[in-house]
Amino acid sequence: MEGKLKKFGFEDSEKIKKAPPSYSIIGVSFLNEITNKDDHRPAISLGLGDPSHFKCFRTTAIAEDAVIEAIRSAKFNSYAPTGEYLSNDLPYQLSLEDIYVTAGCKHAMEVTVEVLSRREANILLPRPDENTIAMVIINPGNPCGSVYSYEHLSKIAETARKLGILVVADEVYGHVTFGSKPFVPMGVFGSTVPVITLGSISKRWMVPGWRLGWLVTSDPTGLLQKCGIADSIKSALNPAPFSPTFIQAAVPEILEKTTEEFFSKTINILRAASAFCYDKLKEIPCITCPQRAEGAMFVLVKLNLSLLEDIEDDMEFCLKLAKEESLVILPGVTVGLKNWLRITFSVEQSSLEDGLGRLRSFCGRHAKKP
């Protein structure tokens, strides 16, 4: 092309260009690329919570066989239907109209926000005000590993009822608990306040790449139908991306035939890993671990920067850690908590031991001298 560059009708977004810089979990994936290439040791990531990479967390053969059978049957190569049956652990029966299949839990959250959003409305995270229309709870908790009791959830439901708002429950880690408190679904309190539950098979079955999630309305009194929220959900999902049809077809067999032995094995590994992680972190002076994780796959720890030299914040800590120790940990700023760290323990035991050892060495090397 000669002379001036031809003018095309497309260009990058001014809105995106002018957006202030921010960090996200995906946005700091570059940490994996700056590990020390001269380090003979393999790089270790305790940042991203994807246990499917590790042999000890492989999903059950029942799930794999169900997907293979669905593909080979040639019955599920068409567009996806809408609907899935899901009403375990609730004191009432869900109907097919209460359940919406999504392409993972993130998609379910996007649909929920789209349906509820309106000008000047907000969805409660820390505290309510006059514009609050819903509150979000994450149980079991990511990144803290907390698990809410029945009594606590009951108080949340009653508070939401008094405020006239609904509850959005992110339960993607549902049943992934290994402490003193059992998992209680928020939908149990659907008779007190309408609940929108978001879930997925990704965590309990260790298959995040299968992208099958759901959005469930627990609303036996019919309030969401009356105010139009249910119709809005249907509109938001039409058209919308769906989980692959052969994954959907495999789900009934996966749910029915997965043994308790598979779940128990996973929970026992996570329980031991959580305890080991907590004990080792307590040995590092500049790190405070408020509590041992009782659910999910992460622990959140506080950095005491006053005990460290030449490190200004959690991002610099993680950058230097990756370069010096070939160890990747997630800076807390990515989840809105500056100078905290999120560490996953859903890895092979040998990797966890090695990684926490490298973390201790790094902190010792950068500790302020007396």
Side-chain angles (χ1 to χ4, degrees), residues 24-25 46-51 57 89 104-106 108-109 112-113 123-128 134-157 159-160 167-189 195-204 206 208 213-216 218 263 266-267 269-278 281 287-303 314 329-347:
S24 65
I25 294 177
L46 301 182
L48 183 63
D50 185 357
F57 289 112
D89 304 319
C105 192
K106 182 179 179 181
M109 176 59 79
T112 301
V113 172
I123 296 175
L124 169 68
L125 290 177
R127 63 187 181 188
M135 69 167 73
V136 176
I137 65 165
I138 304 173
N139 182 47
N142 169 15
C144 299
S146 56
V147 178
Y148 294 153
S149 67
Y150 181 97
E151 292 74 20
H152 185 68
L153 293 173
S154 178
K155 290 178 180 178
I156 289 175
T159 299
V167 177
V168 178
D170 180 342
E171 296 178 357
V172 70
Y173 286 98
H175 296 283
V176 184
T177 60
F178 35 84
S180 58
K181 296 187 287 291
F183 169 68
V184 178
M186 190 67 206
V188 166
F189 306 98
V195 177
I196 295 178
T197 299
L198 316 176
S200 169
I201 65 171
S202 65
K203 308 304 182 184
R204 199 179 186 202
M206 308 294 172
W214 52 78
L215 184 161
V216 176
S218 297
F263 296 130
T266 301
I267 293 301
I269 293 173
L270 290 173
R271 180 184 292 113
S274 171
F276 178 83
C277 188
Y278 179 73
L281 289 171
I287 288 178
T288 300
C289 187
Q291 64 178 26
R292 190 173 80 179
E294 295 188 332
M297 301 172 182
F298 307 95
V299 64
L300 197 66
V301 300
K302 174 70 172 175
L303 267 179
D314 56 321
I329 284 177
L330 199 71
V333 68
T334 60
V335 292
L337 290 168
K338 186 177 176 62
N339 296 332
W340 288 70
L341 305 171
R342 191 191 78 168
I343 300 173
T344 181
F345 46 82
S346 59
V347 298

Holding to side-chain hydrogen bond (donor to acceptor under 3.5 Å, both in side chains), I want the full list of residues that pass it with [X], two or more places apart in sequence or in another chain.
X    : result
N339 : none
T344 : S346
S146 : none
S200 : S202

Could you tell me the separation between the [atom1] atom of [X] and the [atom2] atom of [Y], rounded to the nearest 0.5 Å?
X    : Y    : atom1 : atom2 : answer
K155 : S149 : NZ    : OG    : 8.0 Å
E151 : S154 : CD    : OG    : 8.0 Å
L330 : L48  : CG    : CG    : 8.5 Å

Non-neighbouring partners of [X] that pass side-chain contact (heavy atoms from CB on, under 4.5 Å), sequence neighbours left out:
X    : result
K338 : D313, D314
A108 : T102, L198, L215
D170 : C105, I138, V172
F276 : K280, Q349, L352, E353, L356

Inset, instruction - For F298, enumerate each residue passing the ring-ring contact (aromatic ring centres under 6.0 Å, His included) test, keeping only those at least two apart in sequence or located in another chain. - result: none
Inset, instruction - Could you tell me which residues satisfy ring-ring contact (aromatic ring centres under 6.0 Å, His included) with F57, sequence neighbours excluded, listed by chain and number? - result: none
Inset, instruction - Could you tell me whether the side chain of E171 and the main chain of M186 form a donor-acceptor pair under 3.5 Å? - result: yes
Inset, instruction - Indicate the atoms forming the closest heavy-atom contact of L153 with V184, along with that distance. - result: CD1-O, 3.3 Å
Legend entry - Distance-minimising heavy-atom pair for W340 and P290: CZ3-CG, 3.9 Å
Inset, instruction - Hey, can you tell me if F189 and Y150 have their rings parallel, tilted or perpendicular (30° and 60° cut-offs)? - result: tilted
Legend entry - Residue pairs fulfilling salt bridge (Lys or Arg N to Asp or Glu O under 4.0 Å) with at least one residue in residues 136-146, sequence neighbours excluded: none
Inset, instruction - Not counting sequence neighbours, list each pair that qualifies as a salt bridge (Lys or Arg N to Asp or Glu O under 4.0 Å) and has a residue in residues 172-182. - result: K181-E294
